[in-house]
Structure formats: C-alpha cells, structure tokens
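Below: the structure, in structure tokens.
Each ligand, and each atom within it, is numbered from 1 in the order the structure gives. The chain is numbered in sequence order, starting from 1. Side chains are part of it too, since the values below use all heavy atoms of this structure and drop only hydrogens, waters and symmetry mates.
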Amino acid sequence: MEAIEAILTRRSTRRYSGEMPERALVEKVVEAGRYAPSGGNNQTTHFIVFSDAEILSDMAGLVCKEFAEMEITEGMYSSLKNSINAAKKGGYIFHYGAPVFIVTANKKGYGNALADSACALENMMIAANALDMGSCWINQLHWLDENEAVRNFMYKYGLREDETITGGLIL
Ligand SMILES: Cc1cc2nc3c(=O)[nH]c(=O)nc-3n(C[C@H](O)[C@H](O)[C@H](O)COP(=O)(O)O)c2cc1C
C-alpha cells in the first residue's frame, strides 16, 4: 500500500476476530515504531508487546478492577469517565479482546516522553494498516500509570521503575 493511502485509510478498529497475526508482521509494526523520530534523537521509547491470551485476560481483569474502584470527578476526561462507568458495571474489556497489545513507555520526567511515544504509535498504526491489520490506540494503562497494582503487573513484563506508561496499541 502506498504511504498516503495507508495514512488516509487508517481507522481505529474495535472488533477483533482473535486471530493471531503472524509474528513477522507484528515485528514489522514495532520496527516502524522504533524508526519514529524522537526529540534530540533520544530513542528512549520502550515497546512491551503482549500476545499471550492468558496474560492479556489477567491484565483486562486488573484494569477492570482498578477502574471500578476509581471515583468520577468533575471535569474528568469523558473517555476516562466512560471506562470507569463500564468497569463499575463489570466485565469491562479495555482492549476489545485484540490478540496483540503493544504498550509504550518512556523515561519519567523526560519532557518529550508523550510526544516521542505518540510518533511511534502513529507510525505503528499506519504500518499496521499498510500490512492489512486493524489497530487502535488504547490509553487505559497510561491513565493507570500511577496505579500501584498496574505498575507491579507491568514490572513483571519489563516496565522499568524509571519509566512512565505513555500509551498503547492493539492489533
Ligand atoms: C491519544 C489517543 C488516545 C486514544 N485512546 C483510545 C482508547 O483508550 N480507546 C479507544 O477505543 N480509542 C482510543 N483512541 C482512538 C480515538 O478514539 C480515535 O482515533 C478517534 O475516535 C478517531 O477515529 P479514527 O482513529 O478511526 O480516525 C485514542 C486516540 C488517541 C489519539
């Protein structure tokens, strides 16, 4: 697919067949993320790729539990409110059951942490489209970045203590 077409036809996909994409395709998407520009050529975006259904299911259960315990406050971002409301009803699956979830993290206190990760995430979404895979930016782990249970879960899979969770992407 030509680059402009890949950009113009990309859409957020929120229904998944559960079919696991080929590993080589997932690696190509992450490679596209790694080649994104970064402030001062810092290259500190860290990609943590989840493709194990059981681990993703545990993560979804944890996210649902932690959101369910959150209070909705005035002026709260509407998507965050929707997630909390859905979690309070139970059975909230934040990643729509997608088989692959790529979490991005970056150095705490680094001023371009979010900008660099956003460049990487956009590269990955366009690459996914070019490779005929659906994708969607998923921000729930970013919102729960300071949640102790979520951080402890993520430490088991490679998040470092000096990193902040900047975003995520499902495939
Ligand atoms: C910073 C950012 C955070 C987002 N977070 C979520 C999310 O947590 N869950 C979700 O389903 N979509 C999320 N999205 C996807 C947007 O809802 C989507 O891009 C927007 O509605 C436009 O639709 P399109 O991507 O199909 O053009 C996010 C997008 C961005 C850029």
Side-chain angles (χ1 to χ4, degrees), residues 1-18 21 29-30 32-33 36-39 44-51 55-70 72-73 75-108 110-147 149-151 153-154 159 163-171:
M1 192 190 286
E2 191 243 327
I4 298 296
E5 192 192 347
I7 291 168
L8 297 184
T9 59
R10 180 214 55 80
R11 284 295 168 276
S12 294
T13 300
R14 298 187 177 87
R15 289 178 76 178
Y16 287 82
S17 66
V29 168
V30 176
S38 60
T44 45
T45 303
H46 180 192
F47 303 82
I48 305 172
V49 182
F50 292 89
S51 59
I55 296 171
L56 280 172
S57 170
D58 288 350
M59 189 194 285
L62 176 64
V63 167
C64 182
K65 179 177 171 291
E66 297 305 314
F67 269 130
E69 287 172 9
M70 280 169 74
I72 293 179
T73 53
M76 193 177 243
Y77 176 50
S78 63
S79 296
L80 178 51
K81 272 199 255 181
N82 294 341
S83 294
I84 295 170
N85 279 328
K88 284 185 191 297
K89 285 184 196 144
Y92 171 59
I93 302 176
F94 79 103
H95 70 302
Y96 308 109
V100 178
F101 181 38
I102 304 169
V103 177
T104 57
N106 216 322
K107 295 291 172 201
K108 278 182 186 170
Y110 164 49
N112 285 323
L114 280 179
D116 287 1
S117 293
C119 287
L121 285 159
E122 177 70 345
N123 263 19
M124 290 196 286
M125 289 189 280
I126 295 165
N129 187 34
L131 296 168
D132 210 19
M133 279 183 283
S135 74
C136 184
W137 185 312
I138 293 292
N139 234 9
Q140 278 71 14
L141 287 201
H142 169 58
W143 294 333
L144 291 170
D145 179 43
E146 291 180 4
N147 177 291
V150 169
R151 288 197 72 88
F153 182 93
M154 288 300 297
L159 181 72
E163 288 179 333
T164 173
I165 301 167
T166 48
L169 179 77
I170 48 172
L171 294 176

Could you find the nearest protein heavy atom to [atom] and give me its residue, atom name and distance?
atom                    : result
atom 27 (O) of ligand 1 : Arg10 NH2, 3.3 Å
atom 21 (O) of ligand 1 : Arg14 NH2, 4.1 Å
atom 9 (N) of ligand 1  : Trp137 O, 3.6 Å
atom 22 (C) of ligand 1 : Ser12 OG, 4.7 Å

Any protein heavy atom nearer than 4.0 Å to atom 2 (C) of ligand 1: yes
Validation row: Val100, Met133 side chains within 4.5 angstrom (heavy atoms): no
Any side-chain heavy-atom pair of Thr164 and Tyr110 under 4.5 Å: no
Where ligand 1 meets [X] - atom numbers and elements under 4.0 angstrom, heavy-atom basis:
X      : result
Gln140 : 8 (O)
Cys136 : 10 (C), 11 (O), 12 (N)
Arg11  : 26 (O), 27 (O)
Tyr96  : 9 (N), 10 (C), 11 (O)
Ile138 : 7 (C), 8 (O), 9 (N)

Are any side-chain N or O atoms of [X] and backbone N or O atoms of [Y], one a donor and one an acceptor, separated by less than 3.5 Å?
X      : Y      : result
Arg151 : Asp145 : yes
Lys81  : Gly75  : no
Thr166 : Thr104 : yes
His142 : Ile165 : yes

Whether His95 and Phe101 hold their rings parallel, tilted or perpendicular, with breakpoints at 30° and 60°: tilted
Pick from Thr166, Leu114, Asn139, Thr13: the one approaching atom 8 (O) of ligand 1 most closely through a non-hydrogen atom: Asn139
Thr44 and Asp116 side chains, donor-acceptor separation under 3.5 Å: no
